[in-house]
Asks: 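Dropping the structure in here first, questions after.
Note that this is a predicted model, so its numbers are computed, not measured.
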Amino acid sequence: MGVEEIPKETLLEIYRTMHKIRTYEETLAKWYYEGKSPRFDISAGPIPGELHLSSGQESAAVGVCVHLKDEDAVMGTHRAHHFAIAKGVDLKKMTAEIFGKATGLSGGKGGHMHLFDAAKNFSCSGIVGASFPQAVGVGIAAKLKGEDYVAVAVGGDGAANQGTFHEALNLAALWKLPVIFLIEDNGWAISVPKDKSTAVAKNSERAKAYGIPGVSVDGADVIAVYEVAKEAVERARRGEGPSLIEVRTYRLRGHFEGDPQLYRPKEDFELAKEKDPLANFRKLLLEKGIATEEELARIEEENEREVREAIDFALNSLYPEPEEALKGVFAGGE
Amino acid sequence: MARKLPMYKAIAEAIAQEMERDENVFVMGEDIGAYGGIFGATNGLLEKFGPERVRDTPISESAFIGAALGAASKGMRPIVELMFVDFFGVAMDQIYNHIAKAHYMSGGQVRMPIVITTAIGGGYSDAAQHSQCLYGLFAHVPGLKIVIPSNSYDAKGLMISSIRDDNPVMYFFHKGLMGLGWMPSPDEAAVEVPEEPYTVPIGEAKVVREGDDVTIATVSRMVYEALWAAEELEKDGISAEVIDLRTLVPLDKETLVNSVRKTGRLLVVDEDYMSYGMSGEIIATVVERIGNELRALPRRIAYPDIPVPYSRVLERFVLPDKEKIVKTVKDMVG
Ligand SMILES: Cc1ncc(C[n+]2csc(CCOP(=O)(O)OP(=O)(O)O)c2C)c(N)n1
């Protein structure tokens, strides 16, 4: 299968979402540094706390989520904006959440690492490796209810060294659950390179131990991700069980904003630019004559407007009432 | 010779000096090598001691904290860093069922000279999975010593004591006291620290300010909120004594009880959750001994029993602080 066999609308949709994610995150980064100069203070400005951006890794989210329906679950990590956007989470509410506003997805209680959108079956967590067993549970529910939805558990290459990953793979394989284990391999777990933390070169190889399919794919090529994910999603929907996909990507930015990245060799930054999936896909669309410069420019403008509107919405929203902090620990009451 | 050091440098210096003194001491954890620890507690150690004794680990807390037990059983003195205390869940079995109980269950055959260092505290919008204190939860488990320094002098002396102790010690440092460039910290936390190694005994509280009308007992960053409150209360003619408990297990009951006997009033300030925790324990400790000598009911200001909200306005509302202390003390004395 090649790019020629994919409908043009799908290809443009992929481009639109990837570009939206990039535009969104680069804009968010600018707002993050607002109020944090001349001295960087993590607690200052309109977006306090940690911020982990996914620039350079868009293909992993878009290549997979384009095959998903609202009923399918995506369980993301601390670095999850790209998956949230690709899963269709409302950009305005998500931005308001990141700005800590009452209009946010969770009224300001969750924040950047804890985005929840039940309608889109999207969630994420600040705990590395938390998604894997949780996705197994979604798979159990699908089986018990006789539904055909699937769950995608996202984790970094670092997360694949967590016990939860191995326990969940075994369980999903044993019970033939509709789960896709998606390892986003950007080569780093904060400052620790993968070859200093992981005994196998490719996490996809770990699938063998559990008797399930495992594929490693180059994240610089969103179509390659699209194809691999298509197969895994269809397999899961047919009731044939879990798959493991490793998407090899590069981080264009630091682990978190403000990360001086002193541990990172120069070549890695260069590779990140070279392997930029957005730039590559744009080039491909033009070279193959799938889209014109004007068509892409229109999409880009629309994205920029949408992002601007989301930021404006967040900025113009009110903060929650302080007393709200005390409410909502339990369901069914205050 | 003494010089002013931020807490993170004092901790790293203590570890370095113990590593020089005793070749059995080594360090493991995530990003503790080239990065020097996310909060700087292992700053410069990799350069001095190399990757065999300063081991960057995969994100496999259960494995590397459990490994500390094995190493200790062979005479090593491991220091392991759990990056944020909030992540303890993935490794808790190794900590509370094994490391904490090995000495007792083995009838004293096995010793566990392990230091588990970990970061605590909120106040910078890192939300519910990165802002907890949780020392009360560990203090609840028999067999773990609990150390919580509030300034760089104590941090160094208590670290050296912890490393030399033949028992497992949980060493909690507050992110907002470390003196990192990017994380605000009270200036008072960076004090003069002698260059040569010295110890601060585990199990000795410190009266950090003398007073007659009320005893404020607390730990960690709340020591400063209490001291600032005491200054303000002084303007109203109220004299507050502030006790930095420094260690919760063992607890220096004598210093605590003597102080409350003198002042007749007790307020406990705690950044950890209110229920079933440190604040209740301290009040019970005092009431059981001298309840009949109190001039007012003991009070507590603790973090309410809710997850830590992300939005700044919500978090500020619930964190204990100077204003809440001033108001409560006035209630008690007035
Ligand atoms: C259980 C747990 N341990 C450690 C951390 C701290 N931490 C947050 S992100 C991270 C690195 C994650 O690396 P990876 O899984 O490869 O994802 P990436 O950041 O590269 O996207 C670490 C160690 C955490 N959040 N949870």
Side-chain angles (χ1 to χ4, degrees), chain A residues 36 39-44 46-50 78 97-102 104 106-114 125-130 156 158-164 189-194 196-199 255 258-260 262-263 319-329, chain B residues 29-38 46 51 55-64 66 83-84 86-91 93-94 122-132 175-176 180-185 273 303-319:
Chain A
K36 289 189 177 67
R39 208 185 114 241
F40 183 81
D41 168 352
I42 189 167
S43 66
I47 309 176
E50 287 173 76
H78 56 287
E97 185 63 28
I98 295 169
F99 278 71
K101 299 297 181 81
S106 309
K109 283 180 175 157
H112 143 80
M113 274 188 278
H114 320 102
S125 164
I127 304 297
V128 169
N161 292 313
Q162 201 62 286
T164 48
I190 310 188
S191 70
V192 181
K194 195 176 95 190
K196 292 259 164 58
S197 71
T198 308
H255 172 73
D259 176 2
L262 302 174
Y263 52 82
Y319 284 104
E321 289 300 326
E323 292 78 9
E324 191 55 43
L326 301 170
K327 300 177 190 161
V329 177
Chain B
E30 291 152 17
D31 304 280
I32 58 124
Y35 203 107
I38 295 298
L46 178 68
R55 307 175 85 91
D56 263 335
T57 61
I59 311 173
S60 310
E61 290 88 353
S62 186
F64 73 76
M83 193 186 290
F84 288 65
D86 312 69
F87 309 157
F88 81 81
V90 292
D93 180 59
Q94 296 296 334
Y124 62 104
S125 295
D126 225 8
Q129 297 176 339
H130 284 76
S131 305
Q132 301 167 95
K175 293 157 240 168
L180 302 157
W182 49 279
M183 180 84 78
S185 177
Y273 300 120
Y303 187 84
D305 300 325
I306 58 164
V308 181
Y310 166 75
S311 185
R312 188 185 286 135
V313 288
L314 301 177
E315 190 184 19
R316 292 263 159 93
F317 179 71
V318 283
L319 272 179

Asks: As an exercise: rank A/P320, A/S125, A/A102 by heavy-atom pairs under 4.5 Å with chain B and give me the winner.
Replies: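 The candidate making the most pairs under 4.5 Å is A/P320.
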
Asks: State, to 0.1 Å, how close B/Q129 and A/I127 come at their nearest heavy-atom pair, and which atoms those are.
Replies: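 For B/Q129 and A/I127, the tightest heavy-atom pair comes out as OE1-N, 3.7 Å.
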
Asks: When only pairs under 4.5 Å are counted, which of A/G111, A/S43, A/P48 shares the most heavy-atom pairs with chain B?
Replies: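 It is A/P48.
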
Asks: Please find the pair of heavy atoms, one from B/I306 and one from A/A325, that lie closest to each other, and give the distance.
Replies: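 Where B/I306 meets A/A325 most closely, the heavy atoms are CD1-O, 3.1 Å.
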
Asks: Side chain, backbone, both or neither: which part of B/V313 has a heavy atom under 4.5 Å from chain A?
Replies: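 Both backbone and side chain.
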
Asks: Can you tell me how far CG of A/D41 sits from CG of B/L180, rounded to the nearest 0.5 angstrom?
Replies: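 Between B/L180 CG and A/D41 CG, I get 11.5 Å after rounding to 0.5 Å.
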
Asks: With chain A, which of B/S125, B/G176, B/G33 has the greatest number of heavy-atom pairs at distances under 4.5 Å?
Replies: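 Greatest number of close heavy-atom pairs with chain A: B/S125.
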
Asks: For A/P322 and B/L314, work out which heavy atoms get closest and say how close.
Replies: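 Nearest pair, atom of A/P322 first, then B/L314: O-CD2, 3.7 Å.
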
Asks: Of the backbone (N, CA, C, O) and the side chain (C-beta and beyond), which part of A/E321 lies under 4.5 Å from a heavy atom of chain B, both, or neither?
Replies: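 Contact with chain B is through the backbone of A/E321 alone.
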
Asks: What's the shortest heavy-atom distance between A/P260 and B/Y35, and which atoms?
Replies: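 That closest heavy-atom pairing would be CD-OH, 4.3 Å.
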
Asks: Going from CD on A/Q162 to OG on B/S62, what distance comes out if it is rounded to the nearest 0.5 angstrom?
Replies: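 With rounding to 0.5 Å, CD (A/Q162) is 8.0 Å from OG (B/S62).
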
Asks: Tell me, for A/F40 versus chain B, whether the close heavy atoms (under 4.5 Å) come from the side chain, the backbone, both or neither.
Replies: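 Both backbone and side chain.
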
Asks: Against chain B, label A/I190 side chain, backbone, both or neither, depending on which of its atoms sit under 4.5 Å from a heavy atom there.
Replies: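 Both parts, backbone and side chain.
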
Asks: Is it the case that the side chain of A/N161 and the backbone of B/I59 share a donor-acceptor pair, with hydrogens and angles ignored and the cut-off at 3.5 Å?
Replies: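 Judged by distance alone, no pair lies under 3.5 Å.
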
Asks: Which one wins on heavy-atom pair count under 4.5 Å against chain A: B/G89, B/S60, B/P309, B/P51?
Replies: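 Ranked by contacts with chain A, first place is B/S60.
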
Asks: Do you know which of B/A34, B/A127, B/G181 has the most heavy-atom pairs under 4.5 Å to chain A?
Replies: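 The candidate making the most pairs under 4.5 Å is B/G181.
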
Asks: Starting at CD of A/E50, measure out to CD1 of B/I38 and round the result to the nearest 0.5 Å.
Replies: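 Those atoms lie 8.5 Å apart.
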
Asks: Is any side-chain heavy atom of B/F87 closer than 4.5 Å to one of A/V128?
Replies: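 A/V128 vs B/F87: side chains apart.
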
Asks: For each of B/G123, B/P184, B/A128, B/P307, tally heavy-atom pairs with chain A at distances under 4.5 Å, and name the one with the top tally.
Replies: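 The answer is B/P184.
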
Asks: Could you tell me whether a side-chain N or O of B/Y310 sits under 3.5 Å from a main-chain N or O of A/I98, the two making a donor and an acceptor?
Replies: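 The answer is yes, because a donor-acceptor pair under 3.5 Å joins these two groups.
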
Asks: For B/E30, which atoms come within 4.5 Å of any heavy atom of chain A: side chain, backbone, both, or neither?
Replies: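 For B/E30, there is no contact with chain A at all, as no heavy atom is under 4.5 Å.
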
Asks: What residue, out of A/E324, A/R39, A/K101, A/K196, has the most heavy-atom pairs lying under 4.5 Å from chain B?
Replies: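 Option with the greatest count: A/R39.
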
Asks: To the nearest 0.5 Å, tell me how far B/D126 CG sits from A/H112 NE2.
Replies: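 Rounded to the nearest 0.5 Å, the CG-NE2 separation comes to 8.5 Å.
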
Asks: What residue in A/S106, A/A130, A/G163, A/A189 has the most heavy-atom pairs under 4.5 Å with chain B?
Replies: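 Ranked by contacts with chain B, first place is A/A189.
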
